[in-house]
Amino acid sequence: MPLRLPDRLPAIELLKDENIFVMDASRAHAQDIRPLRIVILNLMPLKITTETDLIRLLSNTPLQMDISFMKLKSHTPKNTPIEHMMMFYKDFETLRQEKFDGMIITGAPVEQMPFEEVAYWEEISQIFDWARNHVTSTLYICWAAQAGLYYHYGVPKYPLDKKMFGIFTQQLSPLTSRMPIFRGFDDEFYMPHSRHTEIRREDILANPALTLLAESADSGVSMVMARGGREFFITGHLEYAPDTLDKEYRRDVGKRDDVEMPVNYYRDDNPANPPLVKWRAHANLFFSNWINYYVYQETPYNIEEIE
């Protein structure tokens, strides 16, 4: 089944070129189906790129989904045309009376700042609270994962000696590998990371409200679950397109002296070669399992009954 997207959203044409079935809102209204309502709080600078990456993964399910985009009133993005934001995004204040089956909160380029010093910390804290009784399951990605773990559970973040940048092998623990979120997973899988800070396993294990799902000897904690799947915290970027790390690397080379090539990314570790994509299959599995087992099967038919 297709995703139901706002009319004229740029991702529609981009994904049609990949043979991904999407439909705009006008066509979807003709189908008498209760679609899942998914809201995306997109904090990434390149909004259209992130929209496309997430929609690509959400499309890998037989369920129809109605996608909405949320923005912050306390922050004006600098890298996306204001016309795009006005056409496709709604303020939190506008959406706060509504309920959603699922929510995705993306990363943001503020990870080296203390949480309380982020200009929109007060507003995003309200959104974290709101999601707990207006959304069936919320997926926190990268900085949002660190922020959510800190706000809800007091888990601190720590600066890294150097940027965690590349593709890293992740392992499932024997206790979590049988959870529905990992149905179809191998014992090891790959995940892109691009960050300057980390959360530590001892802080996760010390909190009985948190379940450590997956980690890496090289990149540390990668997946944490809370409230029986009402909250997932992902420290990396399963949603990244094949060329995302390449663009980031080439953007920064020459601008700073500390830029290193992303590890385990280019074929033969040569940036003249294209990336070797290792994470796409498990990324699709993860998002499909999240939608099926933790959103669709848990959310009430009457969306107003979400508690």
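Side chains of Tyr190 and Asn264: no donor on one and acceptor on the other come within 3.5 Å. Of the N and O atoms on the side chains of Gln171 and Asp187, not one donor lies less than 3.5 Å from an acceptor on the other residue. Between the side chains of Thr106 and Glu239, no donor-acceptor pair is found at a separation under 3.5 Å. Judged by distance alone, the side chains of Tyr153 and Asp203 never bring a donor and an acceptor atom under 3.5 Å apart. Between the side chains of Tyr158 and Gln146, no donor-acceptor pair of N or O atoms lies under 3.5 Å.
Arg200 has a carboxylate O that lies under 4.0 Å from a charged side-chain N of Glu198, or vice versa, which qualifies the two as a salt bridge. In summary, Lys163 and Glu248 engage in a salt bridge, as defined by a charged side-chain N under 4.0 Å from a carboxylate O.
Among pairs with a residue in residues 212-234, those fulfilling salt bridge (Lys or Arg N to Asp or Glu O under 4.0 Å) read Arg132-Glu231, Arg201-Glu215, Arg227-Glu231, at least two apart in sequence or across chains. Listed by first and then second residue, the salt bridge (Lys or Arg N to Asp or Glu O under 4.0 Å) pairs that reach into residues 294-307 come to none, sequence neighbours excluded. Residue pairs satisfying the salt bridge (Lys or Arg N to Asp or Glu O under 4.0 Å) criterion with at least one member in residues 263-291, sequence neighbours excluded, are absent.
Side chains of Tyr296 and Trp290 form no contact here, defined as non-hydrogen atoms less than 4.5 Å apart. Contact annotation: the side chain of Tyr294 approaches that of Ile181 to within less than 4.5 Å [non-hydrogen atoms, C-beta and beyond].
Among Val295, Ile127, Ile38, the one residue that satisfies the side-chain contact (heavy atoms from CB on, under 4.5 Å) test with Met103 is Ile127. Residue Ile67 is tested with Ile40, Ile104, Leu54, Leu36 for a side-chain contact (heavy atoms from CB on, under 4.5 Å); the sole match is Ile40. Screening Leu213, Leu149, Asn207, Thr211 for a side-chain contact (heavy atoms from CB on, under 4.5 Å) involving Val224 leaves a single residue, Leu149.
Within the 3.5 Å criterion, the main-chain N or O of Asn289 finds no donor-acceptor partner in the side chain of Arg183.
The aromatic rings of Tyr151 and Phe128 sit tilted, their planes meeting at an angle between 30° and 60°.
Proximity of the aromatic rings of Tyr240 and Trp279 is defined here by a centroid distance below 6.0 angstrom, and this criterion is not met. A centroid separation of less than 6.0 Å is found between the aromatic rings of His84 and Phe88.
Qualifying side-chain hydrogen bond (donor to acceptor under 3.5 Å, both in side chains) partners for Gln112, counting only residues two or more places apart in sequence or in other chains: none. With sequence neighbours excluded, the residues that form a side-chain hydrogen bond (donor to acceptor under 3.5 Å, both in side chains) with Thr176 are Ser173. Under the side-chain contact (heavy atoms from CB on, under 4.5 Å) criterion, Ser177 pairs with Leu172, sequence neighbours left out.
Rounding to the nearest 0.5 Å places CD of Gln170 at 5.5 Å from CZ of Phe189.
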